[in-house]
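Presented below is the structure to which this report refers.
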Number of protein chains: 2
Amino acid sequence: MPKDRSPTRIQKKNRAAILEAALEVFSAHGFRGATVDQIATQAGLSKPNLLYYFPSKEAMFTALLSELLDTWLDPMREINAQGDPMEEILAYVQRKLQMSRDFPRESRLFANEIVQGAPRMLDALSRDLRDLLEEKEQVLAGWMAAGKINQTHPKHLVFSIWALTQHYADFDVQVRMLMGDEDPFDAAPEFLDTLYRRMLTPKS
Amino acid sequence: MPKDRSPTRIQKKNRAAILEAALEVFSAHGFRGATVDQIATQAGLSKPNLLYYFPSKEAMFTALLSELLDTWLDPMREINAQGDPMEEILAYVQRKLQMSRDFPRESRLFANEIVQGAPRMLDALSRDLRDLLEEKEQVLAGWMAAGKINQTHPKHLVFSIWALTQHYADFDVQVRMLMGDEDPFDAAPEFLDTLYRRMLTPKS
DNA sequence: CGTGAGTTTGACCAGTTGGTCAAATCCATC
DNA sequence: GATGGATTTGACCAACTGGTCAAACTCACG
């Protein structure tokens, strides 16, 4: 394993190559389904060389997770309690949908792990996600109480946004199989915008 | 492998026990993550005995899939083109939500497979699901054209129902972690009912 | 240049896994 | 209760997998 002084040029390049390859392979096959050899080939390095940079397969996975989780939660952090409620929520939905379009591998990485009970992720989730959700839940509840948006269960509202947006990344093959030539992401933004507008616009 | 005459009492019992065990293990770990030994232990049989009833691990998986796919698509088949549009859709949503509550393992089995590109399922899906969706899409489009429900993209409408309902099964650990003591399925029926009612009720 | 730390790898190992097989056991039927 | 097919399994195998290690190679720096 490289010493933990400031990383050399080679260390920086190889660590990045390994994590990129790990994302590709882990997101496609899950933790158990991925092999170190696959990741090595994908990264253009030898297997022992990977294990020179990371002590184990598990270490690659957790390093990848902690690198990605922050980015993954950013769209939610950006929800501004002082902004216009309806527009804040709609913008959040669109940001999350963009994430599914632009980073489907990241979405599938998390999906794979959570579907199987998140054995390697539950700690990170309960540390970073729980508080963030609670904070934004308060914001949503406030907007509802003030009559700015229609009343609903704030947690289920957030879950619905996650479910609807991530579905386009996680179930990509199914969605594309059923949509034929049409790109799902052509109509999805408007569909979700309409859905949440109708759902949340307060009755006059 | 048992001869393919009419199955004996023992064959019926053991095949059923194996498929039940396979569902338990495959849904929790995915195809690659599951081992034949795990399934054998779960079924209370020896590994060679499993392979007496099914020629391979893959055969267990595909047998399980084809047994479940029909049941899985039933809620959608029940949508009645002659019924009341809004109530038909809302009833479909509730049926699908019940499936997530009552058969989460089945939901996760499909989720696991589709997230990873559905390598062992795409054929079955494109055979059974494609036609069914196209049929119901026509029904929905008809209802929209007749002004019975609000206009939207019918395919995305169906995807949204799948995403929202299956989310409670597939992301169960995450949802429960974030909801604490509260059972997600307490508020979910009303939440989804409200969501689709607001979304689909035609403007006066 | 030379030199020592940083990097790379071929060969190897132990544990796991899907699958085989011959022998043993069970069980329905006569 | 004998008999032949159905069922079960212990022992085994080859392939794969995560990980190790000593030896070789590369590179930055004096």
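We name chains A, B, ... by the order of the sequence lines, and we start the count at 1 in each one.
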A:Tyr52 side-chain N/O to C:dT8 phosphate OP1/OP2 under 4.0 Å: no
N/O donor-acceptor pairs under 3.5 Å from side chains in residues 95-102 of chain B, not counting sequence neighbours:
from     : atom 1 : to       : atom 2 : distance (Å)
B:Arg95  : NE     : B:Pro75  : O      : 3.2
B:Arg95  : NH2    : B:Pro75  : O      : 2.8
B:Ser100 : OG     : B:Thr165 : O      : 2.8

Looking only at side-chain N and O atoms, does B:Asn49 come under 4.0 Å of OP1 or OP2 in D:dT9? yes
Taking protein heavy atoms under 4.0 Å as touching, what does nucleotides 16-30 of chain C look like 5' to 3' if B marks base contact, S marks sugar-phosphate-only contact and - marks none? -SBBBB------S--
Using a cut-off of strictly less than 4.0 Å, decide whether B:Asn14 has a side-chain nitrogen or oxygen near OP1 or OP2 of D:dA6. no
Would you say B:Gln11 reaches D:dT7's phosphate, i.e. side-chain N/O to OP1/OP2 under 4.0 Å? yes
Only pairs at least two apart or in different chains count here, so list each side chain to side chain donor-acceptor pair (under 3.5 Å) that has a residue in residues 177-187 of chain A. A:Glu182-B:His153
Side-chain donor/acceptor pairs under 3.5 Å, residues 78-90 of chain B, sequence neighbours excluded:
from    : atom 1 : to      : atom 2 : distance (Å)
B:Asn80 : OD1    : B:Gln82 : N      : 2.8
B:Asp84 : OD2    : B:Glu87 : N      : 3.1
B:Glu88 : OE1    : B:Asn80 : N      : 2.8

In whole Å, what is the span from the NZ atom of B:Lys13 to the C1' atom of D:dA6? 13 Å
Tell me, please, which residues at least two apart from A:Glu135 pass salt bridge (Lys or Arg N to Asp or Glu O under 4.0 Å). none
Nearest whole Å is fine: how far is D:dT26 P from A:Leu45 CG? 15 Å
B:Gln151: partners by side chain to side chain contact (heavy atoms under 4.5 Å, CB included), with sequence neighbours left out: B:Met144
Check DNA chain C against residues 108-120 of chain A and give the residues with a non-hydrogen atom under 4.0 Å, in numerical order. none
Can I get a per-line list of side-chain donor-acceptor pairs under 3.5 Å for residues 33-49 of chain A, giving both atom names and the distance, sequence neighbours left out?
from    : atom 1 : to      : atom 2 : distance (Å)
A:Thr35 : OG1    : A:Gln38 : N      : 3.0
A:Gln38 : OE1    : A:Thr35 : N      : 3.0
A:Thr41 : OG1    : A:Asp37 : O      : 3.0
A:Ser46 : OG     : A:Asn49 : N      : 3.3

May I have the distance from A:Ile39 (atom CD1) to D:dC16 (atom P), rounded to whole angstrom? 18 Å
Which pairs count as side chain to side chain donor-acceptor pair (under 3.5 Å) when at least one residue sits in residues 118-131 of chain A, sequence neighbours excluded? A:Glu113-A:Arg120
Answer with yes or no after comparing the ring centroid distance for B:His29 and A:Phe31 against a 6.0 Å cut-off, counting only values under it. no
